[in-house]
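Ligands are counted one by one from 1 in listed order, and the atoms in each one are counted from 1 as well.
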Amino acid sequence: MKTAFITGITGQDGSYLAELLLEKNYKVVGLVSAKHDIGSQNINHFKDKLILEEGDLLDKDSLERIIKKYTPTEIYNLAGLTFVPASWKSPSLTIDINTLGLSRIIEIVRDFSPSTKVYQATSAKIFGIPEITPQTETTPPNPVDPYGVSKTAAHQLVSTVRKQFNLFAVSGILYNHESERRGIEFVTRKITNTAVKIKLGLEKELMLGNLEATQDWGYAPDYVKAMWLMLQNDKPTDYIIASGELHSVKEVCQIAFTHLDLNYEDYVKIDEKFFRKTESQLIIGDPKKAKKELGWKPEFSFKDMIIKMVENDLKLLKGDNK
Ligand code: GDP
């Protein structure tokens with residue numbers, strides 16, 4: 001039986017990945033942090049099938065204890081400080097968790113469990129304002145916020161140590177991916193959730209920042225499949241995982257409100273406080289390599305995904321209202 005250790009198991013990606021690996025008969029061990037936990041709502045419905053271990057990416061001893069205890073076949077490092085505006089509040093904490101957290105895992109794997117394969121969650125935010133669009137695995141990083149800097153350093157650490165330490169360590173460069181489990185502070189979920197609240201008479205308006213901002217958005221359950229495929233590959237190498245399409249915040253509003261028979265222009269208001277200090281631009285990924293070498297392909301379109309999120313928020317909020 002294969003064993004997977006997932007950091008960030010209570011998050012959007014960690015919870016979908018855990019479900020995928022359980023279907024594949026893995027023993028799934030998850031890191032839960034008392035200090036940095038985002039809540040267990042994403043794993044509550046299958047918690048009894050998981051092994052949860054208390055620890056933190058900031059605490060090397062806790063990671064060492066867990067990795068020595070299970071010598072996992074695979075480690076998926078998905079935990080981190082993930083919200084870009086929050087990374088400006090504390091660049092040092094961002095780097096401590098997102099960059100040094102990974103280096104702690106790498107050192108432990110090198111010293112105590114060198115056959116463990118390691119997956120690192122790299123973000124498209126490493127490209128910031130990219131030289132080339134769409135980006136490929138060889139596009140140079142050029143981050144524009146502390147989050148992007150922390151992810152760039154971790155990304156580059158993976159490729160340097162895999163040669164020097166002879167480890168099977170890979171980075172998945174994942175573009176924005178959303179779902180019913182996306183945190184409420186991220187724009188897609190903020191829009192679907194507030195649109196549903198407006199429909200139900202619980203809110204009157206939706207305050208947003210830059211409506212023209214664009215992203216390459218995919219569906220998280222499609223993206224966690226790519227993580228697993230990368231560790232089943234015969235060689236350790238990095239992949240871009242993206243939809244290859246750009247959509248704007250305005251389009252998310254249009255799809256969500258129209259699905260609820262509302263006109264977004266009647267409810268959306270602009271608030272300067274939601275504008276970014278710096279904004280990544282033309283971040284579109286070319287997933288050709290993953291499609292060709294891993295046979296990966298996304299199942300859900302952008303529009304289908306937004307509608308699924310609206311439907312789920314309707315279910316949740318109607319339930320709360322009873
Ligand atoms: P990110 O790409 O990881 O930072 O994901 P977000 O979902 O937080 O932001 C996606 C895009 O939406 C960014 O380009 C933001 O500038 C833009 N955006 C516009 N209005 C808002 C808002 O009210 N909240 C958030 N989170 N993003 C917004």
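- What you find for N98 and S150 is that their closest heavy atoms are ND2-OG, 3.1 Å.
- For F186 and F83, the gap between ring centers is short of 6.0 Å.
- When heavy-atom distances to ligand 1 are checked against a 4.0 Å cut-off, F83 comes that close only through its side chain, counted from C-beta outward.
- Ranking protein heavy atoms by distance to atom 22 (C) of ligand 1, first place goes to K190 NZ, 3.6 Å.
- Residue contact check for ligand 1: Y147 places no non-hydrogen atom closer than 4.0 Å to it.
- Of all the heavy atoms of E185, the ones lying under 4.0 Å from any atom of ligand 1 belong exclusively to the backbone.
- For the pair K125 and ligand 1, a heavy-atom separation below 4.0 Å is found.
- Contacts between V249 and ligand 1, counted as non-hydrogen atom pairs separated by less than 4.0 Å, involve the side chain only.
- The protein atom (non-hydrogen) at minimum distance from atom 20 (N) of ligand 1 is G209 N, 2.9 Å.
- Residue-to-ligand polar distances keep E178 apart from ligand 1: every N/O pair is separated by 3.5 Å or more.
- Of all non-hydrogen atoms in H177 and Q12, the two that sit nearest each other are O-NE2, 3.0 Å.
- A donor-acceptor pair shorter than 3.5 Å cannot be found between the side chains of D286 and T136.
- Remark: ligand 1 and R182 share no N or O pair separated by less than 3.5 Å (distance only, no angle test).
- With a 6.0 Å cutoff to the six-membered ring centre and a 45° limit on the axis angle, R162 does not count as a cation-pi contact of F168.
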Would L167 and I106 satisfy side chain to side chain contact (heavy atoms under 4.5 Å, CB included), going step by step from the backbone distance to the final call?
CA-CA 9 Å; L167 296 180; I106 292 280; 4.2 Å; yes
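- E203 and Y267 share no donor-acceptor pair across their side chains, judged by distance under 3.5 Å alone.
- No more than 12 heavy atoms of other residues, nucleotides or ligands sit less than 6.0 Å from atom NZ of K27.
- For atom 18 (N) of ligand 1, the choice among V187, N176, L211 with the nearest heavy atom turns out to be V187.
- In summary, the side chains of H259 and Q254 do not present any donor paired with an acceptor at a separation below 3.5 Å, with no hydrogens or angles considered.
- For atom 14 (O) of ligand 1, the nearest non-hydrogen atom of the protein is E279 OE2, 2.6 Å.
- Close approach of ligand 1 to V84 is summarised as follows: ligand atoms under 4.0 Å from at least one heavy atom of the residue are 4 (O).
- In this structure, of R276, H177, Q215, the residue bringing a heavy atom nearest to atom 9 (O) of ligand 1 is R276.
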